[in-house]
Amino acid sequence: MYKFFFNLVFKRMDPEKAHYLAFRWIRLAARIPVLRTFVAAALAPRYKELRTEALGLRMHGPFGLAAGFDKNAVAIDGMTMLGFDHIEIGTVTAQPQPGNPKKRLFRLIADRALINRMGFNNEGSEAVAARLAARNPVFKATVGVNIGKTKVVPEEEAVGDYVTSTERLAAHADYLVVNVSSPNTPGLRNLQATESLRPLLTAVREAADRTVTDRRVPLLVKIAPDLADEDVDAVADLALELGLDGIIATNTTIARESLGLKSSPDLCKETGGLSGAPVKARSLEVLRRLYARVGDDLTLIGVGGIENAEDAWQRILAGATLIQGYSAFIYEGPFYARALHKGLAARLANSPYKTLAEAVGADTKKAAA
Ligand SMILES: Cc1cc2nc3c(=O)[nH]c(=O)nc-3n(C[C@H](O)[C@H](O)[C@H](O)COP(=O)(O)O)c2cc1C
C-alpha cells in the first residue's frame, strides 16, 4: 500500500518537499493521543529477546533512525511511534545555517538510493538545545545528538565550534556523536585525519564532562565509507586510545562505482553523498574491519544501506550492537522499523545464539579464528 502511495504521490513531488510533507504528517499523528497510541502499539519493538544494552543505556531494540532525518529534534515522538527505538537528531551545528541551495536531495529509485547535498541545514545548537530542554516526551526513546561544524567557521577553528555545540547540547543527549564524515561541508572530512581528530575529540570529551557532571555522556565518532582501510584502523585505534564509547559506520559516500546503470546518468552525476543500497557493501566492510580491530571494547553502530532484517542481521553478526537506517525508510515506508525488528527476532530464534548480544560480531570472530 505504501509503495502504491509512494508512486502516486511522493514520486511525483520534489524529494525535499515530499520529506517535509511526510514529516508533517508524522508529527501531526504523534500529537493525536488515540492515533499515536494505536500506531505505536502496532509498530514499536516488543520482542523481549531484542532488548539491548548499549552505551550504558537500555533499549527495547537495536534499530534506530540515522542522523539527518530529524535535524532539529522536532519529531522524536513521531519517529519513536513508527518503531525506531533510538533517534539520532542532527546534524546540529553551533550556529544556525540554511544549508546548500535547492535542489539538494535526489532520489535514485531504480538504485534504491539517495544523493544529498543538504549541507547541514539546521536551526543551530541554541535553538535545538532549547527545544530538547522543553521537550515533554510521550514515548521513551534514546536520543542521540549528532554535531557538526558550522560552514562559515574555518577549519582551524573547528574545535571551538564543536565545543560550543557540546556545551549547549550534551546535557540533552543520551549519547553524543561527532560527525566528521559528511561530504557536504567543505573540509569537514579532513577532520577524520588522526592529527585533527585527536584534539577535536579530546576537547569535545572535556566539554561534555565539564557541562554534564551527574553522568558520563557517551561519545561516538561517525566516519565515512570512503576512508582507506588503514585510516579506518587509525580512527579505531584513536577511539580506543581516547576512551571513546563507540564508532558509527558509515555516513554517505562520494564514490559512484557501486551505482548500477539503472538510474539516469544525470542523476548519478549529482554532487553529494550517496546513500541506500549502493553503500551497503562498503559500510558492512568498514564495520567488519572496525570490529576486528576493537572487538567488544567499543560500541559499533552499523548504518548504510540497511534495507531489511537480513541486512540488519548481517551487521549484527559483523559487529554492530546498534543499527540505523535512513534511505530505505523513504522507499519502504512506515512499516520499515517494525519489519526490521520482527525479522531480527525471527533470525535470532533460528540462530545458535540465545541473545542478540551473543550474536554481535559472531561472523567476524569466526573469520578471524
Ligand atoms: C538526506 C540525508 C541527509 C543526511 N544528513 C545527515 C546529517 O545531517 N548528519 C549525519 O551524520 N548523517 C546524515 N546523513 C547520513 C545518514 O545518517 C546515513 O549515515 C547514511 O545515509 C547511510 O545510511 P542509509 O543508507 O540507511 O541512508 C544523511 C543522509 C541523507 C539521505
Side-chain angles (χ1 to χ4, degrees), residues 14-20 22-23 63-73 79 84 86-93 97 99-100 102-108 111-124 128 144-151 162 165 175-185 188-189 191-192 220-226 247-255 258-259 270 272-284 286-287 301-308 311-312 315 320 322-332 336-337 340:
D14 167 73
E16 194 170 346
K17 283 200 182 119
H19 172 88
Y20 288 115
F23 212 46
F63 189 57
L65 182 69
F69 195 88
D70 186 5
K71 288 181 188 279
N72 295 307
M79 300 315 291
F84 293 96
H86 68 274
I87 313 290
E88 191 170 308
I89 63 121
T91 292
V92 184
T93 53
Q97 58 182 31
N100 289 323
K102 294 176 184 169
K103 292 180 73 168
R104 52 190 183 180
L105 176 60
F106 306 88
R107 288 193 210 105
L108 287 71
D111 285 289
R112 303 192 313 281
L114 299 172
I115 291 178
N116 91 84
R117 51 170 178 270
M118 305 299 287
F120 293 165
N121 52 310
N122 78 105
E123 294 172 9
V128 174
V145 175
N146 177 310
I147 57 172
K149 186 181 81 64
T150 309
K151 187 177 179 184
Y162 278 90
S165 293
Y175 69 87
L176 192 65
V177 182
V178 170
N179 179 10
V180 280
S181 47
S182 164
N184 301 314
T185 296
L188 186 88
R189 298 181 356 147
L191 299 172
Q192 291 175 114
L220 297 90
V221 63
K222 182 168 178 178
I223 63 171
D226 306 321
I247 302 178
I248 305 188
T250 66
N251 213 311
T252 56
T253 179
I254 53 167
S258 54
L259 273 176
E270 289 293 348
L274 172 68
S275 57
V279 82
K280 186 183 304 196
R282 180 60 186 161
S283 291
L284 178 60
V286 171
L287 178 69
I301 303 186
V303 52
I306 296 180
E307 299 184 280
N308 50 44
D311 293 335
R315 295 304 155 108
L322 298 175
I323 39 189
Q324 298 179 334
Y326 183 149
S327 302
F329 177 56
I330 308 298
Y331 295 122
E332 298 299 319
Y336 172 51
L340 246 112

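When a ligand or atom number is given, it counts from 1 through the structure's own listing order. Just so it is clear, the structure is predicted and the values come from calculations on it, not from any experiment. Just so you know, residue 1 is the first one in the sequence shown, and it goes up from there.
- Those atoms of ligand 1 that come under 4.0 Å of a heavy atom in A66, given as number and element, are 17 (O).
- Using a 4.0 Å cut-off between a side-chain N of Lys or Arg and a carboxylate O of Asp or Glu, K102 and D14 do not qualify as a salt bridge.
- Heavy-atom separations between G305 and ligand 1 include at least one value shorter than 4.0 Å.
- Y336 has its ring centre less than 6.0 Å from the ring centre of F63.
- The distance from ligand 1 to the heavy atoms of G325 drops below 4.0 Å at these ligand atoms: 26 (O).
- If you look at K222 next to ligand 1, the close heavy atoms, those under 4.0 Å, all belong to the side chain.
- Taking a 4.0 Å cut-off on heavy atoms, I330 fails to register as neighbouring ligand 1.
- Using modelled atom types, one finds a donor on one side chain and an acceptor on the other under 3.5 Å when comparing Y175 with E88.
- Residue T250 has at least one nitrogen or oxygen atom sitting less than 3.5 Å from a nitrogen or oxygen atom of ligand 1, judged on distance alone.
- With N179, I306, V303 as candidates, the residue nearest to atom 23 (O) of ligand 1 on a non-hydrogen basis is V303.
- For F69 and H19, the ring centers are positioned less than 6.0 Å apart.
- When heavy-atom distances to ligand 1 are checked against a 4.0 Å cut-off, K280 has no atom that comes that close, whether in backbone or side chain.
- If you number the atoms of ligand 1 from 1 as listed, the ones under 4.0 Å from a heavy atom of G68 come out as 4 (C), 5 (N), 6 (C), 7 (C), 8 (O).
- Residues V178 and V180 form a side-chain contact, since some pair of their non-hydrogen atoms from C-beta on lies under 4.5 Å apart.
- Residue contacts with ligand 1, taken as heavy atom pairs separated by less than 4.0 Å, involve N146 solely via side-chain atoms from C-beta onward.
- Side-chain atoms of S327 and S275 form a donor-acceptor pair, as typed in the model, at a separation below 3.5 Å.
- Remark: distances from the non-hydrogen atoms of G276 to ligand 1 include one below 4.0 Å.
- For atom 28 (C) of ligand 1, the closest heavy atom belonging to the protein is A67 O, 3.7 Å.
- Each of the following atoms of ligand 1 lies closer than 4.0 Å to a heavy atom of S275: 21 (O), 25 (O), 27 (O), 31 (C).
- Nearest approach of N251 to S181, heavy atoms of both residues: ND2-OG, 3.0 Å.
- With a heavy-atom cut-off of 4.0 Å, T91 touches ligand 1 through backbone and side chain alike.
- Close contacts between ligand 1 and L105 involve ligand atoms 1 (C) [criterion: under 4.0 Å to a heavy atom].
- Every atom of ligand 1 is numbered from 1 in the order shown, and the set under 4.0 Å from a heavy atom of L114 is 31 (C).
- For ligand 1, the atoms closer than 4.0 angstrom to any heavy atom of K71 are 5 (N), 7 (C), 8 (O).
- Using a 4.0 Å cut-off between charged side-chain N and carboxylate O, K103 and E270 make no salt bridge.
- Ranked by closest heavy atom to atom 3 (C) of ligand 1, the top entry among F120, Y326, F69 is Y326.
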